[in-house]
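Numbering of residues begins at 1 and proceeds along the displayed sequence. Atoms within a ligand are numbered from 1 in the order they appear, just like the ligands themselves.
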Amino acid sequence: SGDGSIASQLNYTITGIDAGAGIMAATEEAIEAYGLEGYNLQTSSSAAMTAALAAAYEKEEPIVVTGWTPHWKFAKYDLKYLEDPKGVFGAAESIHTIARVGLETDHPSAYQVLDNFYWEQADMGEIMIAINEGADPADAAAEWVANNQDKVAQWTDGVAEVNGDKLTLVFVAWDSEIASTHMIGQVLEDIGYDVELLSLEAAGMWTAVATGSADALVAAWLPGTHAVYYEDYKEDFVDLGVNLEGAGIGLVVPAYMDITSIEDLNN
Ligand SMILES: C[SH](C)CC(=O)O
């Protein structure tokens, strides 16, 4: 498979995303734990990572990216997670909804909807794929909400409508969270809130809710990926529980690469 070692074919590079993402800390830990001599973790963004993946995949070139599930890339490309025998990337993750202290008193309807919010990977996937195929995130979210009123009703039934109260939801521009945040924002708009969506880096997102400058986030990857943020702020927010199960993070390569484990990156 090409000349030289896997490491040299990869130019000793793991293509990452934004620096504050938990997957980046986990990857730095993996470089250490697996003794990936000479490797560097390239910091960029979720969008830049998927652009690099598309370019490499097009030419069947070697690439290893910080990957996560759910994500549209698995529907678009033939990819695989590298085995992680040392368990650095942890087991299955869930995505949680986190509200600021005081939200239940100030905006009981929003609190109730956010507390009820729970959906499946396939639901998130529909919106992510529509956005990847060119739809504006707000349009893709509105379309999904319009087509899934039965699911939305499970979150909003019995919740009092409001008249223009302002809400701020914060998120990080990861494809999964662009989808979920636009979707729940649309649901809150539909019951009368004036919702602002604010895209921040991971630390800023957690800080905004913990300081009360934002109302909620639906982008908390737990128990492992965002453990640092959860521990830093645990007295300063309300964990409304899981909104999506069976998520996961790890190192992902195209299936055309004949490696199966993170350990093989040293070959
Ligand atoms: C990139 S995953 C959506 C979350 C994280 O790694 O912080």
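In plain terms, the two heavy atoms of Ile129 and Ala75 that are nearest each other are CD1-CB, 3.9 Å.
Take Tyr233 and apply the ring pair (Phe, Tyr, Trp, His ring centres under 6.0 Å) test, not counting sequence neighbours, and it matches no residue. Partners of Ser213 according to the side-chain contact (heavy atoms from CB on, under 4.5 Å) rule, which considers only residues two or more places apart in sequence or in another chain, are Ala208, Thr211. For Trp119, the ring pair (Phe, Tyr, Trp, His ring centres under 6.0 Å) test picks out Phe117, Trp144, with sequence neighbours left out.
Below 30°, between 30° and 60°, or above 60°: for Phe171 and His182 the angle between ring planes is above 60°, a perpendicular geometry. Under the 30°/60° scheme for interplanar angles, the aromatic rings of Tyr57 and Tyr256 are found to be tilted.
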Quick one: table the atom pairs, ligand 1 N or O against protein N or O, below 3.5 Å, distance rounded to 0.1 Å.
unit_1   : atom_1 : unit_2 : atom_2 : d
ligand 1 : 6 (O)  : Gly22  : N      : 3.2
ligand 1 : 6 (O)  : Ile23  : N      : 2.8
ligand 1 : 7 (O)  : Gly22  : N      : 2.7
ligand 1 : 7 (O)  : His226 : NE2    : 2.7

